[in-house]
Amino acid sequence: MTTTTSRTAVRTTPTREREERQERQELSHQDLVRYLEDRFACAQACDDCVRACTMRQGPAESGDGSRLNTACADVCDATYRLLADQSDRSDPGDQDEQRVRMQVEWCRAVCLQCAALCGLNPASAGCADACRRCAKACDDFLTTLG
């Protein structure tokens with residue numbers, strides 16, 4: 001009886017190990033999918049913000065608002081290009097994660113500043129909303145990065 005128990009234990013151990021390995025693979029696959037989805041959402045929000053900030057600028061504008069809109073558009077464009085350029089890689093570890101993190105944090109900060117400034121003018125509500133959405137997408141992606 002002891003032998004049967006030990007044989008049963010030996011038989012279930014490889015099965016259990018396989019199940020645990022499969023669970024880890026599924027979790028890592030889910031993490032990868034979430035990473036790619038959040039990365040794409042952040043890149044898309046950056047692209048939308050570029051358009052909103054660029055349309056917000058006009059020849060009659062001057063001062064801090066115009067400079068901040070230009071800076072926001074530039075930072076969002078650079079972030080979009082960085083995220084889109086490396087999105088074809090299936091392993092997030094292949095890239096310089098620190099560079100991505102710093103760029104996304106910078107984008108988030110500039111978007112929040114631009115949203116606050118554009119939010120003061122009702123005519124700039126579209127720009128402020130795009131900047132807030134971009135900052136939120138950056139936050140979500142940073143959370144996914146961990």
Side-chain angles (χ1 to χ4, degrees), residues 7-146:
R7 283 185 190 163
T8 304
V10 171
R11 286 183 193 155
T12 58
T13 301
T15 303
R16 176 128 172 93
E17 287 176 5
R18 243 180 300 168
E19 289 171 355
E20 289 174 355
R21 188 173 42 246
Q22 185 177 3
E23 287 174 11
R24 284 191 305 270
Q25 287 173 344
E26 286 175 9
L27 181 60
S28 95
H29 176 73
Q30 291 170 349
D31 291 343
L32 178 60
V33 168
R34 179 173 176 176
Y35 170 87
L36 293 173
E37 287 175 346
D38 286 353
R39 183 183 184 119
F40 177 77
C42 186
Q44 186 62 50
C46 288
D47 190 44
D48 292 345
C49 193
V50 169
R51 281 185 293 223
C53 286
T54 303
M55 288 186 342
R56 166 72 177 93
Q57 298 176 109
E61 272 191 65
S62 63
D64 292 338
S66 179
R67 283 191 293 274
L68 188 54
N69 278 3
T70 300
C72 189
D74 289 346
V75 171
C76 285
D77 185 55
T79 305
Y80 169 80
R81 284 185 280 116
L82 177 68
L83 295 176
D85 178 48
Q86 299 201 7
S87 67
D88 60 343
R89 297 182 184 183
S90 61
D91 182 11
D94 282 346
Q95 60 192 304
D96 184 0
E97 185 179 318
Q98 188 62 26
R99 178 175 176 225
V100 169
R101 182 182 307 281
M102 289 175 57
Q103 182 70 36
V104 173
E105 287 172 350
W106 184 30
C107 184
R108 179 189 166 277
V110 171
C111 283
L112 290 174
Q113 291 174 354
C114 193
L117 188 63
C118 288
L120 298 175
N121 182 354
S124 302
C127 180
D129 288 343
C131 289
R132 281 188 210 99
R133 283 191 304 273
C134 188
K136 169 81 169 87
C138 287
D139 264 343
D140 292 346
F141 184 55
L142 288 168
T143 299
T144 300
L145 283 175

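Just so you know, these numbers use all the heavy atoms, side chains as well, and skip hydrogens, waters and symmetry mates. Along the sequence shown, the residues carry numbers beginning at 1.
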Specify the closest pair of heavy atoms between [X] and [Y], including all atoms of both residues, with the distance to one decimal.
X      : Y      : value
Arg132 : Gly119 : NH2-CA, 4.2 Å
Cys114 : Asn69  : SG-OD1, 3.1 Å
Tyr80  : Cys46  : CB-CB, 4.0 Å
Leu83  : Cys42  : CD1-SG, 3.8 Å
Cys107 : Val75  : CA-CG1, 3.5 Å

Straight-line distance of [X] [atom1] to [Y] [atom2], nearest 0.5 Å:
X      : Y      : atom1 : atom2 : value
Asp74  : Thr79  : CG    : OG1   : 10.5 Å
Gln44  : Asp48  : CD    : CG    : 5.0 Å
Asp129 : Cys134 : CG    : SG    : 13.0 Å
Arg99  : Glu97  : CZ    : CD    : 13.5 Å

- Message: Is any side-chain heavy atom of Val33 closer than 4.5 Å to one of Gln30?
- Response: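 Gln30 does not reach Val33 side chain to side chain.
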
- Message: Any non-hydrogen side-chain atom of Cys118 less than 4.5 Å from a side-chain atom of Cys131?
- Response: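 No. Closest side-chain heavy atoms not under 4.5 Å.
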
Could you pull out all donor-acceptor pairs under 3.5 Å where a side-chain atom in residues 137-146 meets a protein atom, sequence neighbours excluded?
from   : atom 1 : to     : atom 2 : distance (Å)
Asp139 : OD1    : Arg108 : NE     : 2.6
Asp139 : OD2    : Arg108 : NE     : 3.4
Asp140 : OD1    : Lys136 : NZ     : 2.9
Asp140 : OD2    : Lys136 : NZ     : 3.1
Thr143 : OG1    : Asp139 : O      : 3.0
Thr144 : OG1    : Arg34  : NE     : 3.3
Thr144 : OG1    : Asp38  : OD2    : 2.2
Thr144 : OG1    : Asp140 : O      : 3.1

